[in-house]
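Heads up, the thing below is written out as structure tokens.
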Amino acid sequence: MIDFKNEISKAIEKVINIDSKTLNTYIEVPKDFENGDYAFPCFKLAKELKKSPQIIAGEIQEKIELDKKNIEKIEVVGGYINFYINKETIAKEVIDEISSNENYGHSNVGKNKNIVIDYSSPNIAKPFHIGHLKTTVIGGALYNIYKYLGYNVIGVNHLGDYGTQFGKLIEGYKLFGNEYDLTENPIDKLADIYKRINELCSEDEKVLENCREDFKLLEHGDEYCTKLWKKFNDLSIGEFQKIYDLLGSKFDFWLGESFYADKTDEVIKILENTGKLQESEGAKIVDLSSSGIDTPCIIYKSNESTIYATRDLAAILYRARTYDFDKCIYVTSYEQNLHFRQIFEVAKLLGLDEKYTNGLEHVAYGMVRLPSGKMSTRQGNFVKIEDLLNDTIKEAKKIIEDKNPNLEDKENVAKIVGIGAVIFNNLATSRIKDEIFDIDAMLNFQGETGPYLQYTYVRTKSVIEKVSSIPKIEDINIEVLTDKYSQNIIKLIYKFEDILNQVIDKNEPSILSRYLIDLAKAYSLFYNENKIIVDDENIKNARVFLTYAVGKVLKIGCNLLGINMPNKM
Ligand code: ARG
């Protein structure tokens, strides 16, 4: 499609002799199309050109040569020049592209670039909590969007499957395992065993000693301990998988921390050779104060062979060598900010090419709270995510029963709507903001929710069903699409690829979520103001096609976020 912004900066370049690439970065896109589609502020040039912004704006307005087919009007307001895109041209561009491109918005900007996304990563024998839900959803959305832009994406589930706590769990299982039936809710029971053995350890040094012994045995491949460890893994992963099945989450690799246990020696050796490894209270640490990080990074403790941070450093080495990554991003809550600042700093000492250390990025997100009351206190102090998802599906089912009792395949639609609601809720606002998991609010069909997007999509589908086929592009009269409501939609659709680029630029899927809400709202407005199914074929064809275009972009966008679309609801 025509890059209108670029056309403008090239034309300004000819007038004032400043590189169009630089000018391009000055051009603003006003939120509201009423005051033009692009605005060029002349304030930045005032100093350089030694003239007032108003005078510069006036001069540019006078001398600029623009193709009327692209930019139909310009206006000077204060120190700004406002540019208006030719309505018919942009409508034609969008219509042509939508009709010819199955994968609208897809691109190859990421060709030959490798992106590792480390996400979800719950811990064995511990509950998959509501924060894990968030990393699973954010990581999944980023995965899809990078891929759509042509990147080679490697999704890794970095399970927490290693550490001294497994010595405790093994010892606990030896002592109380026979009291539990692990075929149902195994994680709750393992967590209980862990709690009991911990209590015992604080009372009895001898028990603690046994736990340490068990962990050593596990590290050295002892058959019995390994068998138990595997059992804990299988049981936990079985539970996690139920959640992944509901959400539709997939990973290219399940490589937990244990995978790196035998790869930390190399990290330690490299760090030793740099001379930066210091002794401190029986531990080896790297002091990071010169990089502005007050807390040193512990590399190993005398009584533990490896720790979380060291295994993460080994993972960086491994990922650099195995995946040759351009970016390696970690999606976890902001509680791990310090951890990642530390390991990214220490990673600079590992002798890796700068490409890798520059490519490390922590994608942090805020806390998720349950509304106080029933949900947060059920089953002790945590809620099972699987229950939460199933509750949302049940609520969705009730709403559907109520709104559309004759709908076919209600079970399946309820699942799509319920899960869509949860996924959207996790992506609706800027990731760093804290969020509330409120089932009623996220299922509100009229709110800024997943179901609202799905509902709007279904509306587009039923319009098309009424005319039985999508109008041919040669039967569309572009003039029909120059009214305000159609233009709102067209300009949003035009922006889609740019939105996707913004998402990966900031690793911020909410940019896409917001956009989709804007698009759905623009369609609702269009739908209310413009009659679509009318006798005039010209008008009907154009409006039906625009409806189809909205549906297509809503579906592609939602799918990228990980949300499925029902055909009816
Ligand atoms: N298992 C950790 C947790 O549940 C998250 C791991 C994130 N990834 C990493 N490479 N450290 O908090």
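Counting convention: from 1, in listed order, for ligands and their atoms alike. Values below: all heavy atoms of this structure, side chains included; hydrogens, waters and symmetry mates excluded.
- Scored by the salt bridge (Lys or Arg N to Asp or Glu O under 4.0 Å) test, Lys276 finds no partners at all (sequence neighbours excluded).
- Comment: Glu266 does not engage Lys269 in a salt bridge, judged by the lack of any side-chain N to carboxylate O separation of less than 4.0 angstrom.
- Ion pair Asp214/Lys174 flagged as a salt bridge, since at least one NZ, NE, NH1 or NH2 atom sits closer than 4.0 Å to an Asp/Glu carboxylate oxygen.
- Between Trp254 atom CH2 and Asp161 atom CG the span is 11.0 Å, to the nearest 0.5 Å.
- Side chains of Tyr143 and Asp252: a donor on one and an acceptor on the other come within 3.5 Å.
- Between the side chains of Gln278 and Asp287, no donor-acceptor pair of N or O atoms lies under 3.5 Å.
- For ligand 1, the protein residues within 4.0 angstrom (heavy atoms only) are Asp118, Ser121, Asn123, His132, His158, Tyr308, Asp312, Tyr330, Thr332, Gln336, Phe340.
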